[in-house]
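So the structure is just underneath, and the comments pick up after that.
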Amino acid sequence: MAGTTSVPTNLTMDALAATLTKHEQLAFVKLTVLVADATQQNNLATFVSFDGVLGAIAIVAAGAASPGSKMFSSSVSVYINGVITSVKVCRLPVS
Amino acid sequence: MVMKIARLVNPSPLLSGCRVGVSYAGLAVILSSTMLFTGCKVVAPKMPANLAAPAIIGYDKGAFDQDVSDYHASLKGSNFDLAKRQRDQIVYRILAQIDAEYGKFEVTLSVNRAGAQTAGDAAILGLTAASTVVGSADIKTILSATATAFTGTRLSFDKNYFEQKTTEALVSQMRATRATLKDQFLKSLGSRDVNSYPLEAAWSDLLNYYYAGTIPSALTEIASKAGGDAVTATNNLSKTIAKLTPATAADAADAISIRSEYDALSSKIDSGKPAEIAEAAVMLKKILYTANITFDSSAPAAELLTAMHNAMVAADNDTGKFTALTAAVKSATATHLN
């Protein structure tokens, strides 16, 4: 559903991407913000309602080659395997 | 006003006399003194002119609109460092305005409430005292009843507007909530860039900060604290519900398959072609039936599509429902292809 929700902090980059993708596809929403909330030691994801077709999300380390198109203009910091990590969030093309 | 009340106490000149005249005088003294005492309410020193007229944080709509426009231009030009500074400047100016207004509100609240309570006390005391000095039993009854009504109205006002909480308790709660929110807020401004914490997100926090300095917010916070364990339990439950269920790459692929099938069926229904709509309805019934989802078999295709939509949302954080829906879509599409 739309709004801001928490995402587990102990996931790998691939598992985080899969979790966000699954939510987008089933809840008819689109990811707009992803950030580590240091005060709550939590990952926060904000979604808006979206009825169009979306490709899967890919998350790669900051500086790595981007698969698909970059979703946010700069790197974001999130908890990956429990550690704050700078990553890029990308959208894979619709197959 | 005193004369009017005196006339009300003894409306007939026929009843005038020495004893009643003394009563008038007593009544006038009582009511005059109550009014005198309720007029004194200086509780804070005069604020220095420069602080009282906050030119430094004066922020008219034109300047604000221009700043927001500049912020968006910086974002568009990928000048994120400048955008962050512009965001911070906008937010700090609004923050200062909220703080200035809150300070005035806190003083006004204390003064007005204490003043209203004192005036109410004085009126009740005056009416009660007056009822003892008038001679007529009827007038005594009227004055006593009026005093009772005053007491009741004051209690009702306190209950309905302030839930019978003291001003100190309310101010203390507002200050505590505002301090907590301000701490989080300033940390966010200091540590987050405009991508993870855009002006719109800061604006939302500003609104929360503003409302934290209101009576309804303070009453809610106090009531929530009284809830203790129930609040903690609710928060834990909310966190559990709100947390997204971790997924694997296979789960993501299945979710995409379900969504693709949904979009294909939606396109068929939107086409307006009877044959395609009928085909979509058959497919939707297969999916819903296999996934063990209750539906009306005579419902039009659009309603069946809505049922699938709801099933998808329900499957988002329910592994059992997700597995069932995945299997149903796979089964229906395989049957269709065969």
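Letters go in sequence order (proteins before strands), and every chain restarts at 1.
More than 12 heavy atoms of other residues, nucleotides or ligands lie within 6.0 Å of NZ in A/K88, so this atom counts as buried by the packing criterion. Enclosure of atom OH in B/Y210 is not indicated, since only 12 or fewer non-hydrogen atoms of other residues, nucleotides or ligands lie within 6.0 angstrom. Sparse packing is recorded around CG of B/N292, with 12 or fewer heavy atoms of other residues, nucleotides or ligands lying under 6.0 Å away.
Interface residue B/Y262: only side-chain heavy atoms are found under 4.5 Å from chain A. For B/T248, the part lying near chain A is the backbone, with the side chain staying farther off; criterion is any non-hydrogen pair under 4.5 Å. Only the side chain of B/D193 comes within less than 4.5 Å of a heavy atom in chain A; its backbone stays farther off. The part of A/S75 that comes within reach of chain B is its backbone (N, CA, C, O), which places non-hydrogen atoms under 4.5 angstrom from that chain. Interface remark: B/I256 contributes backbone and side-chain atoms alike to the contact with chain A (heavy atom separation under 4.5 Å). Residue A/V76 does not touch chain B at all, counting heavy-atom pairs closer than 4.5 Å.
Rounded to the nearest 0.5 angstrom, A/Q25 CD and B/S257 OG are separated by 9.5 Å.
By number of non-hydrogen pairs under 4.5 angstrom with chain B, the leading residue of A/T32, A/L34, A/V53, A/D14 is A/V53. Comparing B/A250, B/S78, B/P246, B/P198 by how many heavy-atom pairs each has under 4.5 Å with chain A, the most go to B/P246.
Side-chain atoms of A/T21 do not come within 3.5 Å of backbone N or O of B/A252 as any donor-acceptor pair.
Counting only heavy atoms from C-beta outward, the side chains of B/F322 and A/L26 approach each other to under 4.5 Å.
Between A/F28 and B/H309, the ring planes lie parallel to each other; the angle is under 30°, not in the 30° to 60° tilted range.
Contact detail for A/K22 and B/D316: the closest heavy-atom pair is NZ-O, 3.4 Å. In terms of heavy-atom proximity, A/T19 sits nearest to B/T245 at CG2-O, 3.3 Å. Of all heavy-atom pairs spanning A/H23 and B/L244, the tightest one is ND1-CD2, 3.4 Å. A pairwise comparison of heavy atoms in B/A247 and A/A18 identifies O-CB, 3.6 Å as the closest pair.
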